[in-house]
> 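Structure below; questions to follow.
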Amino acid sequence: MRLDNMLLAEGVSGPEKGGGAAAAAAAAAASGGSSDNSIEHSDYRAKLSQIRQIYHTELEKYEQACNEFTTHVMNLLREQSRTRPISPKEIERMVGIIHRKFSSIQMQLKQSTCEAVMILRSRFLDARRKRRNFSKQATEILNEYFYSHLSNPYPSEEAKEELAKKCSITVSQVSNWFGNKRIRYKKNIGKFQEEANLYAAKTAVNAAHAVAAAVQNNQTSSPTTPNSGGYPSSCYQSDGRIQ
DNA sequence: TACAATGATTGGAC
DNA sequence: GTCCAATCATTGTA
């Protein structure tokens, strides 16, 4: 069952008894976190534990109420048996109805606990709230690739994976970065011109070093022509995409 | 503290 | 699926 799996995954329906209720959990989940990672993590765990505790407390209450109500109904039936015959099957049927009713209430409790956990998780995992700037080195690597492929700044899947590895970020972060970079560059080429020249010069220096090394080794490879930067309007397709 | 920069998300187009 | 464009939310800085 998915609900059980989720609660189990978060340790909510496990054997360990802690503290926390659905409503309180939702309130806990709704309150903001702290800036520090470790503090945030302990905050998350504390709120999760709160959810767990309330879940178990409520569950116990329901079980107790169920037992009390069952005993009460059975006593009533016994009393009634003095005035009319009541078969054991009838008693069994009544007990079954009570248990089904209570288990559906417990299911609702599970559902709301599950929702509270999901709210908590989404808040904790919401990347926007935890955005961190990439390292200077990573930005450098990405910029180097972007400006040296200005005529076609669309890295292949392999190139993205390579860049992701080099920058210690994910492939989707690389995709996001290139998406943002393309659009922002296109919107304000003038602003990025200096940066483009800088990286073009860097690429040129790297190429020159490579050529020098090749010459030294008596190799005959020809140098690659670095991209000069620019990004003329002709680079864009009619639909606005960069060619 | 206001503002710019930046990484992530969303919705629509292809 | 990718990409663009707009936007959001956070971070960095003057």
Side-chain angles (χ1 to χ4, degrees), chain A residues 2 6 9-10 24-48 50-51 114-203 206 226-243:
Chain A
R2 277 195 327 205
M6 164 144 189
E10 292 297 346
S31 67
S34 71
S35 56
D36 184 66
N37 246 0
S38 58
I39 293 172
E40 261 183 33
H41 197 252
S42 61
D43 192 35
Y44 172 73
R45 294 184 72 83
K47 279 168 185 165
L48 200 61
Q50 214 182 325
I51 294 172
C114 197
E115 279 166 16
V117 170
M118 282 178 78
I119 292 168
L120 183 68
R121 287 181 78 173
S122 68
R123 284 207 161 265
F124 184 73
L125 298 171
D126 187 351
R128 274 198 208 185
R129 293 176 186 277
K130 301 165 56 52
R131 187 178 72 77
R132 294 280 182 275
N133 287 350
F134 294 161
S135 69
K136 221 172 173 182
Q137 198 188 1
T139 312
E140 195 110 317
I141 291 165
L142 293 167
N143 270 317
E144 260 178 45
Y145 187 97
F146 181 81
Y147 289 112
S148 62
H149 296 79
L150 253 189
S151 57
N152 185 35
Y154 297 89
S156 64
E157 206 50 43
E158 291 76 27
K160 279 180 191 172
E161 279 171 21
E162 176 95 26
L163 286 167
K165 214 172 168 185
K166 276 188 191 170
C167 301
S168 306
I169 56 177
T170 65
V171 173
S172 25
Q173 282 180 307
V174 172
S175 300
N176 284 340
W177 189 92
F178 273 88
N180 283 325
K181 190 73 182 179
R182 280 191 297 265
I183 194 88
R184 282 162 189 166
Y185 184 84
K186 201 172 88 173
K187 269 186 180 174
N188 199 346
I189 296 174
K191 199 183 99 183
F192 288 96
Q193 194 60 59
E194 203 180 322
E195 192 179 65
N197 292 338
L198 196 81
Y199 281 99
K202 222 175 187 177
T203 311
N206 287 344
N227 195 303
S228 59
Y231 221 34
S233 57
S234 60
C235 286
Y236 298 103
Q237 294 174 347
S238 56
D239 62 358
R241 286 192 187 187
I242 302 167
Q243 279 182 336

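Small disclaimer: the values here were computed from a predicted structure and weren't measured.
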> Once you round it to whole Å, what is the distance between C1' of C:dG12 and NZ of A:Lys136?
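After rounding, the gap between these two atoms is 13 Å.
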> Does CD in A:Glu195 sit with more than 12 non-hydrogen atoms of other residues, nucleotides or ligands closer than 6.0 Å?
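Result for CD/A:Glu195: enclosed.
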> I need the minimum non-hydrogen distance between A:Asn180 and A:Ile183, along with the two atoms involved.
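Closest approach of A:Asn180 to A:Ile183, heavy atoms only: O-CG2, 3.1 Å.
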> How many whole angstroms separate atom CD1 of A:Ile169 from atom C1' of B:dG7?
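Whole-Å distance recorded here is 10 Å.
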> Excluding sequence neighbours, so at least two apart, what forms side chain to side chain donor-acceptor pair (under 3.5 Å) with A:Asn133?
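A:Asn133: side chain to side chain donor-acceptor pair (under 3.5 Å) contacts with A:Arg131.
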> Could you tell me how far apart A:Asn180 (CG) and C:dA5 (C1') are, to the nearest whole angstrom?
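A:Asn180 atom CG is separated from C:dA5 atom C1' by 11 Å.
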> Taking the side chain as everything from C-beta on, heavy atoms only, tell me whether A:Phe178 gets closer than 4.5 Å to A:Tyr154.
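Not touching, per the 4.5 Å side-chain cut-off.
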> What pair of heavy atoms forms the shortest contact from A:Ser151 to A:Pro153, and how long is it?
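Smallest interatomic distance, heavy atoms only, reads C-CD, 3.8 Å.
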> Which of these nucleotides, C:dC4, B:dG7, C:dT11, is closest to any side-chain atom of A:Arg132?
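From the listed options, C:dT11 comes nearest.
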> OH/A:Tyr185 to CG/A:Leu150 distance, rounded to the nearest 0.5 angstrom?
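One finds 4.5 Å between OH of A:Tyr185 and CG of A:Leu150.
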> Going by atom type alone, with no hydrogens or angles, which donor-acceptor pairs under 3.5 Å involve a side-chain atom of residues 138-145 of chain A and a protein atom two or more places apart or on another chain?
from, atom 1, to, atom 2, distance (Å)
A:Thr139, OG1, A:Ser135, O, 2.9
A:Glu140, OE1, A:Tyr199, OH, 3.3
A:Glu140, OE2, A:Lys202, NZ, 2.6
A:Asn143, OD1, A:Lys181, NZ, 3.0
A:Asn143, ND2, A:Thr139, O, 3.2

> Within this structure, what is the CD1-to-P distance between A:Ile183 and B:dA8, rounded to whole angstrom?
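Those two atoms, CD1 and P, are 17 Å apart.
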> In Å, rounded to the nearest 0.5 Å, how long is the span from CG of A:Leu163 to CZ of A:Phe146?
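So the gap between those two atoms works out to 12.5 Å.
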> Measure from CG on A:Asn176 to P on C:dT10 and round the result to the nearest Å.
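Rounding to the nearest Å, CG of A:Asn176 and P of C:dT10 are 17 Å apart.
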> Please enumerate all protein N or O atoms sitting under 3.5 Å from an N or O of nucleotides 2-6 of chain B, with distances to 0.1 Å.
from, atom 1, to, atom 2, distance (Å)
B:dT6, O2, A:Arg131, NE, 3.3
B:dT6, O2, A:Arg131, NH1, 3.4
B:dT6, O2, A:Arg131, NH2, 3.1

> Near DNA chain B, which residues from residues 155-167 of chain A have a heavy atom under 4.0 Å away?
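Within residues 155-167 of chain A, no residue comes under 4.0 Å of DNA chain B.
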> Taking only residues at least two apart or on different chains, which pairs with a member in residues 160-169 of chain A satisfy side chain to side chain donor-acceptor pair (under 3.5 Å)?
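Residue pairs passing side chain to side chain donor-acceptor pair (under 3.5 Å), neighbours aside: A:Lys160-A:Ser175.
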> Using whole Å, report how far OH of A:Tyr154 lies from C1' of C:dT2.
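The answer, rounded to whole Å, is 10 Å.
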> According to a strict under-4.0 Å criterion, is A:Gln173 in side-chain N/O contact with OP1 or OP2 of B:dA8?
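Yes.
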